[in-house]
Amino acid sequence: MVKIDKDEILAAYEDVRDDKTDTHWLVLKYNEEGDIELAAKGAEFAEFRSQFVDNERTYGFLRQYTGDELSKRAKFVFITWIGTGVSPLKRAKTGAEKTMVKEIIKSFAVECLFGEENAENFTEEYIKELLVKAGGANYGTGER
């Protein structure tokens, strides 16, 4: 059975959600024992994206800002990554194990699954587009 360090992950999750911190993302990975743990956290999207590699299953939680010139707001994204080098058995287990992660990471506007079929979409621009679509009305002039 996969174990998960709920306290450490919850603290990192709250850090990402807190407007007063510079932490804009967290990444969860499987360790050598097959348990899910906090692997990294940070601020820059490029560093966040670099955490997702072909031979791993990885979960991410990301803060992005959307809105127009009248209203900027933080929105959150939950990301599941299944790399091309992941075995079929591990791929199959990801759904159930993701449920365990989502018991801690509960509040997000958009959920994304990236992997072999759509890795080219895993960009900051694409994720912001999804958030804008999910966010509802913008009341400004269209300038960001």
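The structure displayed is predicted, hence computed values, not measured ones.
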Give me the atom names and distance for the closest heavy-atom approach of [X] to [Y].
{"X": "Val77", "Y": "Cys112", "result": "CG1-SG, 4.0 Å"}
{"X": "Ala43", "Y": "His24", "result": "O-CB, 3.7 Å"}
{"X": "Ala134", "Y": "Ala109", "result": "CB-O, 4.3 Å"}

Taking [Y] as the starting point, is it possible to reach [X] by hopping between hydrophobic residues whose side chains are less than 4.5 Å apart?
{"X": "Val110", "Y": "Val27", "value": "yes"}
{"X": "Leu10", "Y": "Val101", "value": "yes"}
{"X": "Leu26", "Y": "Ile79", "value": "no"}
{"X": "Ile105", "Y": "Ile127", "value": "no"}

Contact check, side chains of [X] and [Y], non-hydrogen atoms, under 4.5 Å:
{"X": "Phe76", "Y": "Leu62", "value": "no"}
{"X": "Arg91", "Y": "Glu116", "value": "yes"}
{"X": "Glu111", "Y": "Lys102", "value": "yes"}

Next on the checklist: Cation-pi check for Trp81 against Arg49: NZ or CZ below 6.0 Å from the six-membered ring centre and within 45 degrees of the axis, yes or no?
Outcome noted: yes

Next on the checklist: Walk me through whether Phe108 and Phe78 qualify under ring pair (Phe, Tyr, Trp, His ring centres under 6.0 Å).
Outcome noted: CA-CA 6 Å; Phe108 46 88; Phe78 179 76; 5.4 Å; yes

Next on the checklist: Let's go through Glu103 and Lys98 carefully: what are the C-alpha distance in whole Å and the side-chain angles of both, what is the deciding distance for salt bridge (Lys or Arg N to Asp or Glu O under 4.0 Å) to 0.1 Å, and is it a yes or a no?
Outcome noted: CA-CA 9 Å; Glu103 288 176 5; Lys98 175 172 60 172; over 6 Å; no

Item to check | Residue pair Asp15, Lys41: steps toward the side-chain contact (heavy atoms from CB on, under 4.5 Å) verdict | outcome: CA-CA 9 Å; Asp15 206 23; Lys41 59 184 187 173; 3.3 Å; yes

To the nearest 0.5 Å, what is the distance between [atom1] on [X] and [atom2] on [Y]?
{"X": "Met100", "Y": "Lys6", "atom1": "CE", "atom2": "NZ", "result": "7.0 Å"}
{"X": "Ile4", "Y": "Ile36", "atom1": "CD1", "atom2": "CD1", "result": "4.5 Å"}
{"X": "Ile82", "Y": "Thr94", "atom1": "CD1", "atom2": "OG1", "result": "4.0 Å"}
{"X": "Asp5", "Y": "Ile104", "atom1": "CG", "atom2": "CD1", "result": "8.0 Å"}
{"X": "Arg73", "Y": "Leu131", "atom1": "CZ", "atom2": "CG", "result": "10.5 Å"}
{"X": "Thr80", "Y": "Leu113", "atom1": "OG1", "atom2": "CG", "result": "6.0 Å"}

Next on the checklist: Under 3.5 Å, is there a donor on one side chain and an acceptor on the other for Glu120 and Tyr126?
Outcome noted: no

Item to check | The single option from Phe48, Phe52, Tyr13, Tyr59 passing ring pair (Phe, Tyr, Trp, His ring centres under 6.0 Å) against Trp25 | outcome: Phe48

Taking [X] for its side chain and [Y] for its backbone only, find out whether a donor-acceptor pair lies under 3.5 Å.
{"X": "Asn118", "Y": "Asn121", "value": "no"}
{"X": "Arg63", "Y": "Asp18", "value": "yes"}
{"X": "Thr66", "Y": "Val132", "value": "no"}

Item to check | Derivation of the side chain to side chain donor-acceptor pair (under 3.5 Å) call for Glu97 and Tyr30 | outcome: CA-CA 11 Å; Glu97 293 166 356; Tyr30 292 83; 2.6 Å; yes

Next on the checklist: Tell me every residue that passes side-chain contact (heavy atoms from CB on, under 4.5 Å) with Lys90, counting only those two or more places apart in sequence or in another chain.
Outcome noted: Arg57, Val86, Ser87

Next on the checklist: Looking at Lys29 and Glu37, is there a salt bridge between them, counting it only when a charged N and a carboxylate O are closer than 4.0 Å?
Outcome noted: no

